[in-house]
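Start at 1 and go down the list; that is how both ligands and their atoms are numbered.
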Amino acid sequence: RARVAILVSGRGSNMAALIDAAAEPGYPAEIVAVVSNRPNAGALAVAERAGIPTAVVDHKLFPSRDAFDAELDRTLAGFTPEIVCLAGFMRLLTGGFIARWEGRMLNIHPALLPSFKGLDTHRRALETGVRLHGCTVHLVTEEMDAGPIVAQAAVPVLDGDDEASLAARVLTAEHLLYPRALALWASGRARLVDGKVVVDGPDEPPSPF
Ligand code: GAR
């Protein structure tokens with residue numbers, strides 16, 4: 001089983017979905033640590049209740065991004081993870097940090113990339129009038145929200161949706177998608193070929209929405 005550390009900044013519902021999935025027999029990864037850049041992130045208490053070791057690297061205590069990332073790296077090293085999952089981790093990481101974890105760091109983004117990179121994805125999806133929206137798990141590369149796509153799930157945008165209702169529909173899909181994508185990557189079924197992800201074996205189930 002691959003050793004996985006999860007980086008969080010907030011409530012940690014995607015983290016919880018990964019922890020729950022990893023508790024199932026046969027899941028190809030184990031969650032060995034949860035690290036937050038915010039001392040008061042709700043995710044920390046959720047992880048502790050699940051018996052997962054936690055750590056805080058408070059970005060406010062560091063003079064630069066480099067200094068923060070160096071401490072984050074040291075903290076992660078103490079847990080000897082093989083894969084790092086960003087789950088609502090809201091800090092930009094430096095190129096050096098990303099390079100060290102290249103091919104071993106996943107992120108979940110609340111949109112169908114390459115549409116709606118960055119923040120406020122649900123508001124912008126509604127403003128644009130797309131009829132399908134969703135979420136993406138991708139490998140983290142230096143360019144934000146642009147790394148190779150491991151898995152995506154689509155949800156409809158319904159007439160009358162507001163930001164909250166659309167976010168909730170996407171979040172439900174995120175909680176199914178991230179554990180599936182991590183399993184693909186951790187097991188080696190998904191791998192990079194010419195900068196794109198290919199998945200060996202039977203097709204993944206289509207998006208349930
Ligand atoms: C999730 O919707 C995740 O996709 C998003 O933040 C939320 C975190 O919720 N991530 C980003 O926007 C990354 N830029 P959670 O803490 O309950 O998992």
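Scanning both residues, Asp161 and Pro156, for their nearest heavy atoms gives OD2-O, 4.3 Å. Between Arg100 and Arg104, the shortest heavy-atom distance links the atoms O-NH2, 2.7 Å. What you find for Leu112 and Ala153 is that their closest heavy atoms are CD2-O, 3.5 Å.
More than 12 heavy atoms of other residues, nucleotides or ligands lie within 6.0 Å of CD in Glu48, so this atom counts as buried by the packing criterion.
Listed by chain and residue number, the protein contacts of ligand 1 are Arg11, Gly12, Ser13, Asn14, Gly88, Met90, Ile108, Pro110, Leu171, Glu174 (heavy atom within 4.0 angstrom).
Side-chain contact of Ser9 with Arg91: a donor-acceptor pair under 3.5 Å is absent, judged by distance alone.
Note: His109 and His138 have perpendicular aromatic rings, judged against thresholds of 30 and 60 degrees for the angle between ring planes.
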